[in-house]
Amino acid sequence: MKTELRFSGTGGQGVITAAIILAEAALHNDKNAVQSQAYGPEARGGSSKAECIISDGAIYFSKVTAPDVLLAMSQEAADKYSKDLKDDCIVITDKLFVTNVPKVKGKVYELDITRAAKNELGKALFSNIVALGAVVAITKIVSEESLEAAVLARVPKGTEEKNKKALEIGKKLALATC
């Protein structure tokens, strides 16, 4: 099975880091993965996207052509990066920043990602890890164990417990809407 994912938001929200971590988690699960990213010249504050393809088999084309999953952490990103989604796609939005959810034929999850990170962890900085927890809880694309291992391998020393909690928060947000 091959799954194409697109993470999008505003520069500085950590969507690129989230996609890198997800690709690394896929490798922990003995899957194949490729990851790419793009962001505007303004970097922090401009729209950004990161894409990831995860497959049980070989990946012959490394570009996402029609995403199965879209994570949209800002309205600009939701508008800009939702045009080519598959009919049976999954769209996950951050309710704080995406108020006009793209019209899709697939399933939409409107989650309080950033608000939960601020309220439960004290900082919006953990929003990308909360989002990862939600994406994995909804898609089951990788195991929770491999995701946690990939997160802990990437985050700064001293933040491990908060990042583990961020994954749990994301999972709870997702399960509350399933």
**Study point:** Gap between atom CE of M73 and atom CD1 of I92 - 0.5 Å precision
**Key:** 10.5 Å
**Study point:** Minimum side-chain heavy-atom gap K2-I54 below 4.5 Å
**Key:** no
Practice item. Keeping the roles fixed (side chain from S8, backbone from A78), state whether a donor-acceptor pair exists under 3.5 Å. Key: no
Study note, to complete from the structure: Heavy atoms of A72 and V98 approach each other most closely as O-CG2, 3.6 Å
Review point. Under 4.5 Å between any side-chain heavy atoms of Y81 and P67, yes or no?
Key: no
Revision key, fill the gap. Hits for salt bridge (charged side-chain N to carboxylate O under 4.0 Å, His left out) against K172, two or more places apart or cross-chain, chain-then-number order -> none
Exercise for review: Applying side chain to side chain contact (heavy atoms under 4.5 Å, CB included) between L22 and each of V142, T139, V151, L71, report the one that passes.
Suggested key: V142
Point to revise | For A33 against A26, the heavy-atom pair lying closest together | key: CB-CB, 4.0 Å
Check your understanding: Any side-chain heavy atom of E145 sitting closer than 4.5 Å to one from L147?
Key -> no
Check your understanding: To the nearest 0.5 Å, what is the distance between OG (S48) and CD1 (I16)?
Key -> 5.0 Å
Point to revise | Donor-acceptor contact present, side-chain K31 to main-chain I141, <3.5 Å | key: yes
Check your understanding: Residues in salt bridge (charged side-chain N to carboxylate O under 4.0 Å, His left out) with K162, at least two apart?
Key -> none
Review point. Any cation-pi pair here, K63 with F61, using under 6.0 Å and within 45°?
Key: no
Review point. Going by heavy atoms in the side chains, are T93 and L111 under 4.5 Å from each other?
Key: no
Review point. What is the minimum heavy-atom distance between F7 and A19, and which atoms define it?
Key: CD2-N, 3.6 Å
Practice item. Please determine, by modelled atom types, if T114 and D94 share a side-chain donor-acceptor pair under 3.5 angstrom. Key: yes
Point to revise | Under 3.5 Å: donor-acceptor pair, side chain of N100, backbone of Q75 | key: no
Review point. Does a donor on one side chain and an acceptor on the other come within less than 3.5 Å for N29 and S143?
Key: yes
Review point. Heavy atoms, side chains only, cut-off 4.5 Å: are I138 and L175 in contact?
Key: no
Study note, to complete from the structure: Students should find that the hydrophobic cluster of V34, defined by side-chain heavy atoms under 4.5 Å apart, otherwise consists of I53, I59, V64
Check your understanding: Which value, rounded to the nearest 0.5 Å, describes the distance between K171 atom NZ and L132 atom CG?
Key -> 14.5 Å
Review point. Just how far is it from atom CG of D56 to atom CE of M1, taken to the nearest 0.5 Å?
Key: 7.0 Å
**Study point:** Rounded distance [0.5 Å steps], CD in E161 versus CG in L152
**Key:** 8.0 Å
Revision key, fill the gap. Sorted by chain and residue number, the salt bridge (charged side-chain N to carboxylate O under 4.0 Å, His left out) partners of K80 (sequence neighbours excluded) come out as none
Exercise for review: Might you point out which heavy atoms bring I21 and A150 nearest each other, and give the distance in Å?
Suggested key: O-CB, 3.5 Å
**Study point:** Pairing of E51 and R6 as salt bridge, 4.0 angstrom limit
**Key:** yes
Exercise for review: Identify, with sequence neighbours excluded, every residue that meets salt bridge (charged side-chain N to carboxylate O under 4.0 Å, His left out) alongside D79.
Suggested key: none
**Study point:** Side chain to side chain, Q37 and K49, heavy atoms closer than 4.5 Å
**Key:** no
Check your understanding: Is there a donor-acceptor contact under 3.5 Å from the side chain of D68 to the main chain of E4?
Key -> yes
Review point. Around K103, counting heavy atoms of other residues, nucleotides and ligands shown, do more than 12 lie under 6.0 Å from its NZ?
Key: no
**Study point:** Intermediate values then yes/no, side-chain contact (heavy atoms from CB on, under 4.5 Å), V108 and I90
**Key:** CA-CA 6 Å; V108 175; I90 294 171; over 6 Å; no
Practice item. Of all the heavy-atom pairs spanning A50 and V15, show the shortest one and how long it is. Key: CB-O, 3.8 Å
Review point. Any side-chain heavy-atom pair from Q13 and N128 closer than 4.5 angstrom?
Key: no
Point to revise | Spatial distance of atom CG (L96) from atom OG (S127) [nearest 0.5 Å] | key: 8.5 Å
Exercise for review: Could you tell me which non-hydrogen atom of K86 sits nearest to which non-hydrogen atom of A66, and how far apart they are?
Suggested key: CE-O, 3.0 Å
Practice item. List for me each residue that meets side-chain contact (heavy atoms from CB on, under 4.5 Å) alongside L125, sequence neighbours excluded, and say none if there are none. Key: K123
**Study point:** F97 side chain near T10 side chain, heavy-atom distance below 4.5 Å
**Key:** no
